[in-house]
Amino acid sequence: MNEAYAAREPPRSEIDALHGPALLEFGSPHCGHCRAAQPLLAAALAGHPGLRHIKIADGSGRRLGRAFRVKLWPTLVFLSDGKEVSRLVRPSDAGAISRALAQIDPRG
């Protein structure tokens, strides 16, 4: 699990070109909902050790969050080969995250 927000926001073209499964996590280090979701993410991601997890600090004027139509934090976008397969907004249990991860990384 990636615990730090990315130092730079990757361009959408870089995300679209990803190969394999990936998880985009949009949020903010100051967001209470985001902090509350961290143990849930850790539990769910423990079963997917090789999964790419990109943690993106979102906010007003941030292009990638707008490209993915992020409105609330945290928003988890589950990708397979750069295409969105599933999305969770403010997840409240690790089971929902695990089920979405299984859609993109069945080997997990």
Side-chain angles (χ1 to χ4, degrees):
M1 178 173 153
N2 189 353
E3 294 184 20
Y5 285 93
R8 72 168 186 86
E9 180 182 67
R12 177 66 190 254
S13 60
E14 188 177 306
I15 299 299
D16 291 342
L18 290 175
H19 294 287
L23 168 61
L24 297 181
E25 176 188 350
F26 291 94
S28 169
H30 309 293
C31 168
H33 295 285
C34 300
R35 289 192 305 270
Q38 295 312 297
L40 306 175
L41 276 165
L45 286 169
H48 299 268
L51 185 88
R52 184 178 299 140
H53 174 213
I54 304 168
K55 192 169 183 160
I56 300 162
D58 192 37
S60 180
R62 301 299 302 261
R63 291 178 189 231
L64 192 59
R66 301 309 61 79
F68 279 95
R69 300 173 318 281
V70 172
K71 304 272 188 215
L72 296 171
W73 301 327
T75 293
L76 308 178
V77 180
F78 301 84
L79 304 171
S80 180
D81 294 328
K83 306 265 188 280
E84 183 174 339
V85 173
S86 184
R87 171 184 299 237
L88 292 173
V89 178
R90 291 190 177 169
S92 59
D93 69 275
I97 299 170
S98 292
R99 288 187 294 279
L101 286 169
Q103 292 179 24
I104 61 169
D105 189 23
R107 299 169 292 147

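Sequential numbering from 1 along the given sequence is applied to the chain's residues. No experiment lies behind these values; they were computed from the predicted model shown.
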Asker: Taking all non-hydrogen atoms of both residues, which atom of K55 and which atom of E3 are closest, and how far apart?
Answerer: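 Shortest heavy-atom separation between K55 and E3 comes out as NZ-O, 3.3 Å.
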Asker: Answer yes or no: is there a donor N or O on one side and an acceptor on the other, between the side chain of R90 and the main chain of L72, under 3.5 Å?
Answerer: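 Not at all, since once roles are kept as given, no pair shorter than 3.5 Å links the two residues.
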Asker: On a heavy-atom basis, which atom in L40 and which in P91 lie closest, and how many Å separate them?
Answerer: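 Taking every non-hydrogen atom into account, CD1-O, 3.6 Å.
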Asker: According to a hydrophobic-cluster definition based on side-chain heavy atoms being under 4.5 Å apart (Ile, Leu, Val, Met, Phe, Trp, Tyr only), do I56 and W73 belong together?
Answerer: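 Yes, one cluster joins them.
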Asker: Walk me through it: do V77 and V85 pass the test side chain to side chain contact (heavy atoms under 4.5 Å, CB included)?
Answerer: CA-CA 8 Å; V77 180; V85 173; over 6 Å; no
Asker: Taking all non-hydrogen atoms of both residues into account, name the closest pair between C34 and Q38 and its distance.
Answerer: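 Closest pair (atom of C34, atom of Q38, distance): O-NE2, 2.9 Å.
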Asker: Is there a donor-acceptor pair under 3.5 Å between the side chain of R35 and the backbone N or O of H30?
Answerer: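 Yes; judged by distance alone, with no hydrogens or angles, the pair exists.
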Asker: Enter the distance from I97:CD1 to L23:CG here, rounded to the nearest 0.5 Å.
Answerer: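 So the CD1 of I97 and the CG of L23 are separated by 8.5 Å.
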Asker: For a quick test of reading the model, state the closest non-hydrogen atom pair linking G20 to D81 and the distance between them.
Answerer: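 So the minimum-distance heavy-atom pair works out to N-OD1, 2.6 Å.
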Asker: Using a 3.5 Å distance criterion without hydrogens, assess whether the side chain of R62 forms a donor-acceptor pair with backbone atoms of D58.
Answerer: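 No, R62 side chain to D58 backbone: no donor-acceptor pair under 3.5 Å.
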Asker: Can you tell me how far the CZ atom of F26 sits from the CZ atom of R87, to the nearest 0.5 Å?
Answerer: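 Output value for this atom pair is 8.0 Å.
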Asker: State whether the side chain of H53 and the backbone N or O of N2 hold a donor-acceptor pair below 3.5 Å, judged by distance alone.
Answerer: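 Flag set: sc H53 to bb N2 pair under 3.5 Å.
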Asker: Decide yes or no for I104 and L79: does some side-chain heavy atom of the first lie under 4.5 Å from some side-chain heavy atom of the second?
Answerer: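 I104 vs L79: side chains apart.
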Asker: Just how far is it from atom OH of Y5 to atom OG of S28, taken to the nearest 0.5 Å?
Answerer: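 Here the rounded value is 6.0 Å.
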Asker: Which heavy atom of P10 sits nearest a heavy atom of I54, and at what distance?
Answerer: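 Scanning both residues, the minimum pair turns out to be CG-CG2, 4.5 Å.
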Asker: Mind checking side-chain hydrogen bond (donor to acceptor under 3.5 Å, both in side chains) for Q103 and listing every partner two or more places apart, or none if nothing turns up?
Answerer: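 Result, side-chain hydrogen bond (donor to acceptor under 3.5 Å, both in side chains) vs Q103: none returned.
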Asker: If you measure from CG on L64 to CG on L24, what distance do you get to the nearest 0.5 Å?
Answerer: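 Between L64 CG and L24 CG, I get 6.5 Å after rounding to 0.5 Å.
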Asker: Check this for me: R63, atom CZ, are more than 12 non-hydrogen atoms of other residues, nucleotides or ligands nearer than 6.0 Å?
Answerer: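 Not buried by this count: 12 neighbours or fewer within 6.0 Å.
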Asker: Just checking, is any N or O donor in the side chain of H48 or D105 under 3.5 Å from an acceptor N or O on the other one?
Answerer: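 There is such a pair (donor and acceptor under 3.5 Å, judged by atom type) between the side chains of H48 and D105.
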Asker: Could R12 and F68 be counted as a cation-pi pair, given that NZ or CZ must be under 6.0 Å from the ring centre and within 45° of the axis?
Answerer: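 Yes, R12 sits over the ring of F68.
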Asker: Between CZ of R99 and CG of L88, what distance do you get to the nearest 0.5 Å?
Answerer: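 So the CZ of R99 and the CG of L88 are separated by 9.0 Å.
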Asker: Taking the side chain as C-beta and beyond, is there a heavy-atom pair between D16 and L18 under 4.5 Å?
Answerer: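 When only atoms from C-beta onward are counted, L18 and D16 do not touch, as no gap falls below 4.5 Å.
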